[in-house]
Amino acid sequence: AIENRHKFWETQPVGQFKDIGDSSLPEGPIEQPTALSEVKQEPYNLPAPYEWISCDLDTEEMCLEVYNLLTNNYVEDDENMFRFNYSKEFLQWALRPPGYYKSWHIGVRVKSSKKLVAFITGVPARIRVRDDVVTMAEVNFLCVHKKLRSKRLAPVMIKEVTRRVHLENIWQAAYTAGVVIPTPIATCQYWHRSLNPRKLIDVGFSRLGPRMTMSRTIKLYKLPDSTVTPGFRQMELRDVPAVTRLLKGYLSQFAVAPDFDENDVEHWLLPKENVVDGYVVESPLTHEITDFCSFYTLPSTILGNPNYSTLKAAYSYYNVANKTPLIQLMNDALIIAKIKDYDVFNALDVMENESFLKELKFGPGDGKLHYYLYNYRLKHPIKPSELGLVLL
Ligand SMILES: CCCCCCCCCCCCCC(=O)CSCCNC(=O)CCNC(=O)[C@H](O)C(C)(C)COP(=O)(O)OP(=O)(O)OC[C@H]1O[C@@H](n2cnc3c(N)ncnc32)[C@H](O)[C@@H]1OP(=O)(O)O
Ligand SMILES: CN(C)Cc1n[nH]c2ccc(-c3ccc(F)cc3OCCn3ccnc3)cc12
């Protein structure tokens, strides 16, 4: 057998490849919590020139350092044509939800130059796994500077965030990645809906279909100038209780989903310009909030194109269609994104998204997004349609 060794991940309390199909192993936590006094009190050792830093994202200066590290060194697509370009406002939103810990915003910098060269974050979240609501860390933004790759720095970053999460008496985590490591609990496909086909073709994101001209392609993706659902409007603070009720009811059908309360909904779904958009359908007759849709803003830097520098992308977030057909609700989201000059609208095949992707002219992306739980075993991977969790 090909030795597909995961020297670090084989030491971790995660589902192991060798255990796949072994239904004698129980679902749930793999290791039991330890006493806080038994958690390593001091940070893990770093190579000599480096030191740990807790990044205070309340300061513009630290925010800019994190932004610059990620802008130049974070996730690229498989063909290295695009790199995620999370904005500073987005990072402050993503990393400061209710109950967040500054100590979980972990940086590594060069002692001499003070340059930030690595980063990893956690934010607390209540995640329901089947009938079990577990307080977890959502781990994200793992990044090692391009010049420091393949030095086994990532395992140290992961062990350090694990240690700091343990110190808060939290023993599970959730994370996603484009890479396959032990062991995905779900594997999702991402899809793209062109809004600005000319630009997408110019930058090489899309290609002209066979027997298709540019003008025919522009016509294919054309959208109305305004939304079609009566009562469709931006979400406001006063809608938080109704949206929370809608969302809790809707997410209860999925095997893994966030357990949002009103504080969480206010943080994660109230519109923030250039960060997150949320829309409700208020019945013109009864003024009841019947539906909800949302998307977040995550541009990608276009690498090495003379005419364009940024791809403006919207990502489907949480959507609840109770009275309005989901396909109509999502088409209104596309119309809003086009009005707001997005180039592309992206979606994973999670929740009920599969039901609208093809009809609304989404095309399949060229990779997968794998979902993981740390220190929590599922007997089998779940289907994307059983997943009710979207990580940023
Ligand atoms: C109870 C609380 C628990 C909290 C913690 C929970 C767990 C959280 C886990 C983190 C979740 C993050 C979620 C997230 O942020 C979303 S996924 C995005 C990750 N970031 C990027 O792709 C940015 C560009 N790449 C880099 O910066 C580097 O390539 C990174 C830093 C990715 C790896 O740096 P490197 O210089 O290329 O590699 P070495 O240092 O030499 O290390 C190689 C080892 O790292 C393993 N590796 C590689 N990529 C990984 C990834 N994306 N997740 C987990 N592990 C990953 C790899 O399998 C190998 O281990 P193995 O030998 O066992 O196979
Ligand atoms: C989720 N969050 C953890 C960021 C993250 N990490 N790793 C990833 C791999 C794929 C996607 C992804 C998710 C949804 C989607 F519609 C397109 C995607 O990537 C396209 C390829 N790409 C990468 C960079 N620029 C373009 C996100 C991520």
Side-chain angles (χ1 to χ4, degrees), residues 93-94 96-100 123-136 138 174 186 227-273 275-297 314-337 347-356 371 382-392:
W93 169 67
R96 297 187 302 179
Y100 79 95
V123 293
R126 272 186 330 286
I127 306 284
R128 179 182 50 76
V129 184
R130 300 198 207 283
D131 300 334
D132 200 4
V133 177
V134 183
T135 299
M136 299 192 185
E138 284 178 358
T227 54
V228 305
T229 306
F232 189 92
R233 64 167 171 81
Q234 263 219 325
M235 177 185 178
E236 297 165 21
L237 185 60
R238 64 191 167 97
D239 301 316
V240 165
V243 169
T244 306
R245 273 193 299 279
L246 266 186
L247 205 47
K248 287 185 90 72
Y250 181 74
L251 291 174
S252 62
Q253 69 186 291
F254 303 110
V256 175
D259 179 47
F260 284 139
D261 65 17
E262 288 189 6
N263 285 332
D264 301 317
V265 169
E266 183 176 337
H267 177 80
W268 291 120
L269 297 167
L270 258 192
K272 276 187 172 55
E273 187 160 5
V275 170
V276 60
D277 280 72
Y279 291 86
V280 296
V281 176
E282 176 184 339
S283 160
L285 207 62
T286 66
H287 297 291
E288 181 199 1
I289 304 295
T290 56
D291 312 278
F292 170 77
C293 66
S294 60
F295 56 85
Y296 60 85
T297 299
Y315 287 73
S316 178
Y317 201 27
Y318 290 99
N319 308 297
V320 184
N322 264 353
K323 293 280 184 312
T324 306
L326 180 59
I327 202 154
Q328 179 183 318
L329 188 70
M330 293 312 295
N331 199 55
D332 276 344
L334 292 176
I335 292 166
I336 292 287
L348 293 164
D349 59 356
V350 297
M351 295 181 268
E352 296 178 289
N353 290 356
E354 183 103 58
S355 71
F356 62 74
Y371 277 70
I382 58 174
K383 298 191 292 275
S385 58
E386 296 175 283
L387 197 43
L389 177 65
V390 177
L391 297 186
L392 302 169

Undergrad: E262: what forms a side chain to side chain contact (heavy atoms under 4.5 Å, CB included) with it, not counting sequence neighbours?
TA: V240, P241, T244
Undergrad: Verify the ring-centre separation between Y318 and F260: is it less than 6.0 angstrom?
TA: yes
Undergrad: Which atom names give the shortest non-hydrogen contact between N353 and L348, and what distance separates them?
TA: ND2-O, 2.8 Å
Undergrad: List the steps and the verdict of side-chain contact (heavy atoms from CB on, under 4.5 Å) for F356 and L334.
TA: CA-CA 12 Å; F356 62 74; L334 292 176; over 6 Å; no
Undergrad: Quick one: list whatever passes side chain to side chain contact (heavy atoms under 4.5 Å, CB included) with S252, sequence neighbours left out.
TA: none
Undergrad: Should the pair Y317 and W93 be assigned to parallel (<30°), tilted (30 to 60°) or perpendicular (>60°) ring geometry?
TA: perpendicular
Undergrad: Answer yes or no: does atom CD of Q328 have more than 12 heavy-atom neighbours from other residues, nucleotides or ligands under 6.0 Å?
TA: yes
Undergrad: Nearest 0.5 Å, please: how far is CD in E236 from CD in Q234?
TA: 8.0 Å
Undergrad: Looking at residues at least two apart in the chain, or sitting in another chain, which of them share a side chain to side chain contact (heavy atoms under 4.5 Å, CB included) with A125?
TA: I127, E138
Undergrad: Quick one: do F232 and I336 satisfy side-chain contact (heavy atoms from CB on, under 4.5 Å)? Show the steps, please.
TA: CA-CA 11 Å; F232 189 92; I336 292 287; 3.8 Å; yes
Undergrad: Taking atom OG1 of T229 and atom CD1 of I335, what is their separation to the nearest 0.5 Å?
TA: 8.0 Å
Undergrad: Kindly compute the distance separating CZ (R130) from CG (D132), expressed to the nearest 0.5 Å.
TA: 11.0 Å
Undergrad: If I compare all heavy atoms of L251 with all of G388, which pair ends up nearest, and what's the gap?
TA: CD2-O, 3.6 Å
Undergrad: Would you call M351 and V390 a side-chain contact if the rule is heavy atoms closer than 4.5 Å?
TA: yes
Undergrad: Rounded to the nearest 0.5 Å, what separation is found between the OG1 atom of T324 and the CZ atom of F292?
TA: 13.5 Å
Undergrad: Assess whether side-chain contact (heavy atoms from CB on, under 4.5 Å) is satisfied between I289 and M235, documenting all intermediate values.
TA: CA-CA 10 Å; I289 304 295; M235 177 185 178; over 6 Å; no
Undergrad: Please name the pair of heavy atoms, one in Y296 and one in S316, separated by the smallest distance, quoted to 0.1 Å.
TA: CE2-O, 4.3 Å
Undergrad: Donor-acceptor pairs are to be reported for all side-chain atoms of residues 276-285 against protein atoms at under 3.5 Å, with residues two or more places apart or in another chain.
TA:
from	atom 1	to	atom 2	distance (Å)
D277	OD2	Y279	OH	3.3
D277	OD2	K340	NZ	2.4
E282	OE1	R233	NE	2.8
E282	OE1	R233	NH2	2.9
E282	OE2	H287	ND1	2.6
S283	OG	L285	N	3.3
S283	OG	T286	N	3.1
S283	OG	T286	OG1	3.1

Undergrad: Starting at CG of L329, measure out to NZ of K323 and round the result to the nearest 0.5 Å.
TA: 13.0 Å
Undergrad: Can you list every pair that meets salt bridge (charged side-chain N to carboxylate O under 4.0 Å, His left out) and has a residue in residues 241-256, with sequence neighbours left out?
TA: K248-D259
Undergrad: Within this structure, what is the CZ-CG distance for the pair F254 and L389, rounded to the nearest 0.5 Å?
TA: 11.0 Å
Undergrad: I'd like to know whether T297 forms a side-chain contact (heavy atoms from CB on, under 4.5 Å) with E273, so could you lay out the CA-CA distance, the side-chain angles of the two residues, the decisive distance to 0.1 Å, and finally the verdict.
TA: CA-CA 9 Å; T297 299; E273 187 160 5; over 6 Å; no
Undergrad: Quick one: list whatever passes salt bridge (Lys or Arg N to Asp or Glu O under 4.0 Å) with D332, sequence neighbours left out.
TA: none
